[in-house]
Each structure stands twice: as structure tokens, then as C-alpha cells.
Protein chains: 2
Amino acid sequence: MKKATLKDIAKAAGVSVATVSYVLNDAPNQTIPDETRSRVLDEAKRLNYVPNLNARSLVMQKSGLIGILINRPASGGSWSRLRHAPFVDGLERLLTERGYHVVLSSLDAANPKLDIISERKLDGVFVVDAKKESFHLISSRFSEGVPLIAVDGLIDDPLFYKLNYDYEDAFAKLSASFGPEQSYLIAENVNNAELAASIAQSSGVPAERVHVMENEARLHAFLSGNADRTGIVLGEFAAAVACNYADPAKLAVICTAGCPEIVPAAAVRIAFGSRKAEAAFELMLRLLRDPRSGPSDQYVRVKTVND
Amino acid sequence: MKKATLKDIAKAAGVSVATVSYVLNDAPNQTIPDETRSRVLDEAKRLNYVPNLNARSLVMQKSGLIGILINRPASGGSWSRLRHAPFVDGLERLLTERGYHVVLSSLDAANPKLDIISERKLDGVFVVDAKKESFHLISSRFSEGVPLIAVDGLIDDPLFYKLNYDYEDAFAKLSASFGPEQSYLIAENVNNAELAASIAQSSGVPAERVHVMENEARLHAFLSGNADRTGIVLGEFAAAVACNYADPAKLAVICTAGCPEIVPAAAVRIAFGSRKAEAAFELMLRLLRDPRSGPSDQYVRVKTVND
DNA sequence: TTGAAAGCGCTAACAC
DNA sequence: GTGTTAGCGCTTTCAA
């Protein structure tokens, strides 16, 4: 039994392919009598018809595919491999639920192969944690109207909408008990230099007490030298590791991945929940409907969850 | 500037589309003089040619897409949302590196929409953590030769190759210090009932001391009642949570996600590393080359990393 | 060594 | 109401 096509259904139902297509797609301005309609529908079901989306994509010049392109660190512990996982999961779920198909693709920071966007005629693209250069590489190739959303990256390029956490807000909430003057900061090793700079700056923590997560040994060394201080940790996975070398009670963790349960209960926790995925989804839907309906300054900032 | 097609290149280079196609694909049994070849290549580059893979997929009846279909729990804490993340990440990376495009799709256990396989003409499919019924639903629709790999699921269906951890091996390594007679077991809340049963059974832990991870409250209650015992925990994320309610030093964690750093160093750790993703990738590649070149019993068991 | 042409399965304009 | 048909961009057979 091989795949049935429109033609097969047409033959079986004694109508033309056009009619079948009309019925199956509920074509707006076609008026099909119920008798014909149900005959077609019956045959389609009987033949186990499944549309070939490659054919449809070819003629429609759009695919129903949304891309999530992630710039992954070449090396790095599990904290960096996990960093985007809950976001990707959440976003994928929402998109799938909505009927989109999701293609996931790792970008090599050195050599980001972005052809997938045009090759597959992606309807919309999320670019996660990319360097400035990657963004420019994309925008130099797209005069087209594909919605482009930069996630976790500050980029001065009008082709991209930008979606970021409002770290400033998070730090502010912490400032009473974890004042930047006396605390240190453990930051995630993000690819986007502009974002990293902005985080460090808005934390208010002096540069010499900002540690960028790289490997366990260096983290250990840094924490040993700051055992008497309180600390702020960005990311629950980094925090889980840090708790092996620091007293959780002296730590405030800004949960960027929506997994607060992972960090020891003794630490102070402040969370963004799963809002980034939701915001990403909503913005994309809106742009898909109308490519320029996003916020006029192109920035979306996700705030922490208030409890 | 709109997308260039083969036809555009052909016109620009003064040859036919067939010739362009031959050149661009290094067609095996065509002999193209270097002069023509480079003229075509030059024009392709000049026009920023990017192939339309939807068109190619249509004629080739295959897409270059590999599907990862994941049965996600409707509810559950971050430990369950994270469970497959490192596997998916690792697998996606390997596939992407190899030139495949990866489509990711959540399956609703109640209503698994599997049409994506035929709609997109997927070249190969991983089905992760699915119930018996979902597997049957798939195999009832596929006489076709698409390589199907069931990950984290025991299923008696010849259409699927099965890829699972060798839990027995892991438990055996632990038996000296964490004897099943005196320990409890915290198991992940897997969808596949057959797998769950097999894990519980091969652990040797008496049924009344096997706790299936559901929510933090129930976990807390269970651990309170077993404070005097040693315990084995499946999954590092579950373990991280458990450490809030149990002494890490009395815990052995079987790391199923490749993220041992996440669990407190005081616990005994035994790991599968990232071998599942690698094994999945290798098996898929082999099947893609020759659909029946997998192990004859269709089972692949991934062992723990020896150190 | 190259090209013309027949599709792959589908959509939609247009004719009847 | 329904059918005919011209593509969408590509691969590949067959002829020249």
C-alpha cells in the first residue's frame, strides 16, 4: 500500500483533483455541495490520505516550519549544554500545539550555517545566544520578510526582534539582601558579548568579582577566594554546581531556565519561570500574522515572576 | 533581490538547467568539462544560489529530515521536562553536523499526532519515551522502509529498533555498597510501562520501596519514611531535588542525562555519559544506509561509562 | 558533453 | 459546482 495522493482520491470519488483540494482545505470561496464533500472526505479517510507538505510548501513558497537555531558553546559543562533546554522544550511544545513543525539546528559560532532558513523556506526563525557576527550574516542575506527573533542576544539590527530577560529587574529585587557592593556574581558563559557586558554592568557588581562560568576548577578557585561573601548566581545549573563549593545559604540564584527545584532549598531563589518561551511564542505568532506588528523598538524584556 | 533558481543560473551561464543540476550535485555519471563547471559554479555563487529543498524532497521522495518525536509528560516538575534534554541536544548536534535537518515534535501521549512522518517524508524517526499504543499506531501505518528507533521504551514490534540503557548493568555495579535488600529506589516517571516494570524488576528493590517520581510533596513523604536507608536515584535531576530531603552521602545516583555535575558531590555517582545520543546516531546512520543492517534482535543496550 | 522534457504532489486562476 | 491546467523548483531519463 503506497501513499495516496490527491489524484487517487479524485479518481476514487469521481471528481477532479481541484475539487478534492478544495474540500480538504475548506477553500474559502468555493461552494461545494455536501454530497460531494462527504464523498471526498470518505475516500480520503478510506485511503489514509496524508498530504505531502513538501509539495504544498513548494507551491505556497512557505513551509509551516519554524526554526530554532542555537549557538552552542563548543565546550563547557552540562550547565552550558542545559542552559537553553527548557526554553527550547517549552517553545517547541507551544509551536507544535499550534500546528507548526519545528526544526532545531545547532549553529557553530565559528561557522554558522544559516542556509537552512532559505533551503527549507522557514516561516519564522528564532536565533538563540548568537554572536553579533552571526546575526549580521543572517540579515545580510534577508531582505525578505521572514520574522526573525533574537533570543538572549543584544543586537543592533532592525531585522531582528530581540527577546531578553530583564536582568536589571532581577538584580534590583535582590539588592536589599545581596547588595552588589559586598557580593560576587557568577555569570553564565553566553556567546553574545553585548549581552554579557550588559548583564555584568546592570548587576552593579565590580568587575573583579564577576566570574564567568567556564569550568569547575576555575569556579572552585573563585569561590574559595570569596568564601566570606554572599553571591549571586545566574542560572540554576551553574548554581547546582556552585553549591558544591559554596554555602547555599549565602547564595541567591536567578533561575533563568525555569527549574528552581534543581537548586538547594537553602539558597534564595528568584525566577523567570517559563515566560521566555511564552513571550517568544506570542511574539512569533503576532509577526507571522503581520511581519511588522511587533513592539516598535523591537525589544521584549521578560520580567521575573512575582509571587 | 529574490531567490535565484536553477533556471536563473542556467540562463546566466548559458547552459540548461540539467547541466546546472549536474554540476551542483556532482552528478556521478556525467562528464562535465571544467570550463562549463566553473562557469556554472561562478554564477551560482554570484547569484547567492540556495537550493530549494522542498522541491528536491518532492522529486526525491525523501527529505533529508530526521524526526525526534518525544512523548512528554503532561505534568511533572522540571526533572521530567529536563529528562531528555541532553539526549536531544546531543543527538541533534550529531545529526546537524552530518548534514541532516532535525525536526522536533512533542507527542501528546493521549493523542499522538504522527502524521508528520509521512507529511514531511522524514528519512528516519526517533520515538522517545512512548507508550506501547503510540508505537503500534506508528507501525500500523508504515509498511514503508523508514528507519524507526524507539528510545527509552520496550516494545514488541519488529518495525522498531530499540535503544535503552542497560539498567541491569548499572544496578549490578552498585549492588556491593547499595544492596537492593536494604535500599530504596527513586525511579523516573517514564511513559513506557514496560520499561518502568523492567527497571523496577532489575533493580531488585522490593516493590514497596520503589518510589516513582511524581511531585515534590510525595517524594518528601517517601524520603522521610526511609531516612535511615541508603537509596538509589535514577536521573540526576530527580537526585538534585531528592538531596533537599535526604542526605546525599546515603545516595547513589545513576546519571541518565549526562550531567553528573548537577548532583551534590557527596553522593555516589554512576554515569551513562552521552552514550545514548551517540548510539542513537550511529544506529540511525547505519539504518539510513541499509534499512536492515541493525542488530538482528533489534535491541541496543547502552552501558555505563567505566572509569 | 549537453539539453528537452516528463514528472514529483499540490494550489489556484480561469474556463465551462 | 466542477474540471482543466499552468506552474512551484528540482532530478533524471533519453535523445541529440
Side-chain angles (χ1 to χ4, degrees), chain A residues 2-41 43-44 47-65 115 117-123 144, chain B residues 2-41 43-44 47-65 115 117-123 144:
Chain A
K2 61 182 297 289
K3 294 272 89 203
T5 70
L6 282 197
K7 193 149 65 162
D8 298 326
I9 301 179
K11 203 178 309 173
V15 296
S16 76
V17 291
T19 305
V20 178
S21 175
Y22 295 148
V23 171
L24 262 28
N25 298 320
D26 272 321
N29 23 12
Q30 301 292 328
T31 147
I32 314 272
D34 277 358
E35 203 276 316
T36 314
R37 166 182 306 280
S38 61
R39 201 149 32 101
V40 169
L41 257 16
E43 287 303 330
L47 296 172
N48 272 315
Y49 174 72
V50 177
N52 181 331
L53 297 189
N54 294 316
R56 179 179 297 171
S57 302
L58 180 57
V59 31
M60 306 283 271
Q61 297 287 30
K62 52 185 279 244
S63 59
L65 291 171
D115 284 346
I117 304 176
S118 2
E119 286 175 336
R120 298 279 178 194
K121 296 271 178 278
L122 302 188
D123 292 353
E144 339 177 7
Chain B
K2 61 181 298 287
K3 295 270 90 210
T5 69
L6 281 198
K7 192 151 60 161
D8 298 326
I9 301 180
K11 201 178 310 171
V15 296
S16 76
V17 293
T19 305
V20 178
S21 175
Y22 295 148
V23 171
L24 261 28
N25 297 319
D26 273 322
N29 23 13
Q30 302 291 331
T31 147
I32 313 274
D34 277 357
E35 202 276 317
T36 313
R37 167 181 304 281
S38 60
R39 201 149 33 100
V40 169
L41 257 17
E43 288 302 330
L47 296 172
N48 273 315
Y49 174 72
V50 177
N52 181 330
L53 297 188
N54 294 316
R56 179 178 295 170
S57 302
L58 180 57
V59 30
M60 306 284 271
Q61 297 286 31
K62 52 184 279 236
S63 59
L65 290 170
D115 284 345
I117 305 176
S118 358
E119 286 175 337
R120 298 280 178 193
K121 296 271 178 279
L122 302 188
D123 292 354
E144 339 176 7

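This one's a predicted model, so the numbers in the text were calculated from it and none came from an experiment. Below, chains carry the letters A, B, ... as their sequence lines are ordered, and counting in each starts from 1.
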*Taking CD from B:Gln61 and P from D:dT12, how many angstroms apart are they, rounded to a whole number?*
12 Å

*Straight-line distance of A:Thr36 OG1 to A:Tyr22 OH, nearest 0.5 Å*: 13.5 Å

*Below 4.0 Å: OP1/OP2 of D:dT11 and any side-chain N or O of B:Ser21*: yes

*What is the distance, rounded to the nearest whole Å, between atom NZ of B:Lys121 and atom C1' of D:dT11?*
17 Å

*Please report, rounded to the nearest Å, how far the P atom of D:dA6 is from the CG atom of A:Leu58.*
17 Å

*Looking across every strand, which nucleic acid part, if any, lies under 4.0 Å from A:Asn25 by heavy atom: base, sugar-phosphate, or nothing?*
sugar-phosphate

*How long is the span from the CD1 atom in B:Ile32 to the CG atom in B:Asp26, to the nearest 0.5 Å?*
9.5 Å

*So does B:Thr19 get a side-chain nitrogen or oxygen closer than 4.0 Å to the phosphate oxygens (OP1/OP2) of C:dG3?*
yes

*asked:* If I take atom CG in residue B:Asp26 and atom C1' in nucleotide D:dT12, what distance separates them, rounded to the nearest angstrom?
replied: 16 Å

*asked:* On DNA chain C, does the nearest nucleotide to B:Thr36 precede the nearest nucleotide to B:Val59 from the 5' side, or the other way round? Give the residue.
replied: B:Thr36

*Would you say A:Thr5 reaches C:dG9's phosphate, i.e. side-chain N/O to OP1/OP2 under 4.0 Å?*
no

*Closest to side chain of A:Met60, choosing from C:dT2, C:dA12, D:dG3*: C:dA12

_Quick one about A:Ser38 and A:Asp34 (side-chain donor to acceptor, distance below 3.5 Å, no hydrogens or angles considered), yes or no?_
no

*Could you state the atom-to-atom distance from CG of A:Leu24 to P of C:dA12 in whole Å?*
13 Å

*Side chain of A:Pro33: nearest nucleotide among C:dT11, D:dT2, C:dT1?*
D:dT2

*Which of these nucleotides, C:dA4, D:dT2, D:dG1, is closest to any side-chain atom of B:Ser16?*
C:dA4

In a table with atom names and distances, give each donor-acceptor pair under 3.5 Å that connects a side chain of residues 50-61 of chain A to protein atoms at least two apart or in another chain.
residue : atom : partner : partner atom : Å
A:Asn52 : OD1  : A:Asn54 : N            : 2.8
A:Asn52 : OD1  : A:Ala55 : N            : 3.2
A:Ser57 : OG   : A:Leu53 : O            : 2.6

*Which sits closer to the 5' end of DNA chain D, A:Arg37 or A:Val17, going by the nucleotide each is nearest to?*
A:Arg37

*Would you check if A:Asp123 and A:Leu65 make a side-chain contact, meaning some heavy-atom pair closer than 4.5 Å?*
no

Provide a list of protein-nucleic acid N or O atom pairs under 3.5 angstrom, restricted to nucleotides 13-15 of chain D.
residue : atom : partner : partner atom : Å
D:dT13  : O4   : B:Tyr22 : OH           : 2.8

*Would you classify B:Ile32 as touching base, sugar-phosphate or nothing, given that sugar-phosphate means primed atoms plus P, OP1 and OP2, and contacts are heavy atoms under 4.0 Å?*
sugar-phosphate

*Does a salt bridge link B:Arg39 with B:Glu43, judged by any charged N lying under 4.0 Å from a carboxylate O?*
no

